[in-house]
Amino acid sequence: VFDPIRTGNIIVDPDTYLDEKMYHELLTKIRHEEPLLWVEPKGYRPFWVVSKYADIKEIGGAPSKFLNRPRSFLLTKTEEDQIFAATGEYVATRSVIQVDGMEHRLLRQVTQSWFQPDTIRKLEVLIRQIAQEFVDKLAANPGVVDFVNDIALWYPLRVIMLILGLPPEDAPWLLSVTQQNFNSNDPDTDSAPGLEGILDAQQKVAEYFSPIIKSYRAYPKDNVASVIANAKINDRYLTDLEMISYYLTLVTAGHDTTSSTVAGAMLALLQNPEQLAQLQDDTSLLGRSAVDEFLRWVTPIKHFFRTATEDYPLGGKMVHAGENLMMCYPSANRDEDVYEDPFSFRVDRKPNRQFAFGYGAHVCLGQHLAKLELRIFYEELLPRIKKISLAGPPVLFRANFVQGLKRLLIDIVVDS
Ligand code: HEM
């Protein structure tokens, strides 16, 4: 039996996510004993912990019964109340991930065609050039590197900037703003957590994009920032808040998650040398199974929330209208009912219906892009590796929402 306060405190504590073994042991116990678990963590509004793949899928498949507004991810009660006092709502932005129904459909449609497999595939050559640039950087600096801060953080950021049509030299600035927006609880990021950090990041992004919006309205271009600037919903341009939320969402969602997966995959390969060898022998496994296994293994988004609109029986319990549910994606991705031997990392795992991108109306808009980026990067890197090993203990970010490696020292020699 789980104590709702004690277990809740563990689930919300960013320290929990620093110890993946402990996190997974707890979630495995929850999956086995009480797959839908009510928790009341101190300082937070209470919620259901949803731990099973099938239950999370069912929630994602019923978007009119489980809404993304007003609670989309974990904030403290104080932070939520501050946001409410400042904006009259419990969420500060109106991004695709934070709206529902028709509003969501229309907003998503604005950029959807840009993220379809066919469109994304046309970018393959340009994305490969960016990947090569980073592998070349490794080749030019043989020896110990911090794979997170030298490579993994930058590559997906540069790709999303390419799609948005932003100049590569703005990358360091954008990185600092997105880290701030993610409300990381880590003492090493220079972010002001909570409302202050989020609103401040929003303000900075608004100032950055304001002249860009003006220039693209005057001279539209073939990129996503221009598409958003010129989009009309019901004969009106998007509001400033809608546009800024969109840019912020694409920049943040578009890089942090993917960089965590690029880095987490590297760690998994180094910890499982026989899997690395197998992949080096046959890089075609990347597109066939390994990239999905990277995503399943890392699952950089630890949760999203939904709010029930009506009483709904789920996982043997009754969820009441108005109650919130935390969908624990890493738990879905270790569900014994779905995966054989879920705690082993296998680059040839088939089938692999990994759940890192969620499910349903809100399923990750950038999923094809993210998979392409992962495949291309490792296609470029793996054949050129002459020597590689871990060069220090990996360090994780302290965060309970989007999380991954903060530092990964590796000793690497790459063919030039
Ligand atoms: C490894 C990389 C990524 C992971 C693990 C990931 C994961 C997710 C998840 C779990 C969701 C929520 C799904 C749901 O609520 O059912 C989501 C939504 C979203 N993702 Fe990703 N994502 C990744 C990369 C990207 C990229 C590269 C982009 C760039 C365009 C992106 C853009 C979005 C957007 C816009 C949404 C909101 C979609 C909506 O609400 O309709 N993501 N992502």
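Numbering of ligands and ligand atoms starts at 1, following listing order. Everything numeric in this text was worked out from a predicted model, so none of it was measured.
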If we only count N/O pairs under 3.5 Å, is [X] in contact with ligand 1?
X	result
Thr249	no
Arg108	yes
Arg306	yes
His104	yes
His362	yes

Tell me whether [X] contacts the main-chain N or O of [Y] through its side chain, where contact means a donor paired with an acceptor under 3.5 Å.
X	Y	value
Arg94	Ile244	no
His320	Tyr312	no
Arg31	Tyr53	no
Ser344	Asp341	yes
Ser72	Gln98	no

Within 45° cone and under 6.0 Å: [X] NZ/CZ vs [Y] ring:
X	Y	result
Arg217	Tyr237	yes
Lys77	Tyr44	no
Arg334	Trp297	yes
Lys29	Phe2	yes
Arg296	Tyr339	yes

Who's the nearest protein heavy-atom neighbour of [atom], and how far?
atom	value
atom 10 (C) of ligand 1	Ala356 O, 3.2 Å
atom 18 (C) of ligand 1	Cys364 CA, 3.5 Å
atom 36 (C) of ligand 1	Leu365 N, 4.0 Å
atom 6 (C) of ligand 1	Phe357 CD2, 3.6 Å
atom 11 (C) of ligand 1	Phe304 CE1, 3.7 Å
atom 30 (C) of ligand 1	Phe115 CE2, 3.3 Å
atom 29 (C) of ligand 1	Gly254 CA, 3.6 Å

With a cut-off of 4.0 Å, which atoms of ligand 1 are near a heavy atom of [X]?
X	answer
Ala370	2 (C), 24 (C)
Gly358	10 (C), 13 (C), 16 (O)
Leu295	1 (C)
Thr261	1 (C)
Thr258	1 (C), 2 (C), 24 (C), 27 (C)
Tyr359	16 (O)

Exercise. Give a yes/no on ligand 1: does Lys371 have at least one heavy atom closer than 4.0 angstrom to it?
Key: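 The answer is no: ligand 1 sits nowhere under 4.0 Å from a heavy atom of Lys371.
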Quiz item: If you measure from atom 24 (C) of ligand 1 to every heavy atom of Leu372, Thr257, Ile301, Val251, which option wins on shortest distance?
Solution: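 Among Leu372, Thr257, Ile301, Val251, the closest heavy atom to atom 24 (C) of ligand 1 belongs to Thr257.
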Quiz prompt | Option whose closest heavy atom lies nearest to atom 33 (C) of ligand 1, chosen from Ala253, Pro300, Pro156 | solution =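 Of the listed residues, Ala253 has the closest heavy atom.
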Quiz item: Any side-chain donor-acceptor pair under 3.5 Å between Ser289 and Asn352?
Solution: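 Checked: Ser289/Asn352 side chains show no N/O donor-acceptor pair below 3.5 Å.
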Quiz item: Any chance the side chains of Glu133 and Gln129 put a donor and an acceptor closer than 3.5 Å?
Solution: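 Result is no, nothing qualifies.
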Quiz item: Which class fits the ring pair Phe47 and Phe305: parallel under 30°, tilted 30 to 60°, perpendicular over 60°?
Solution: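 Plane angle over 60°, so perpendicular.
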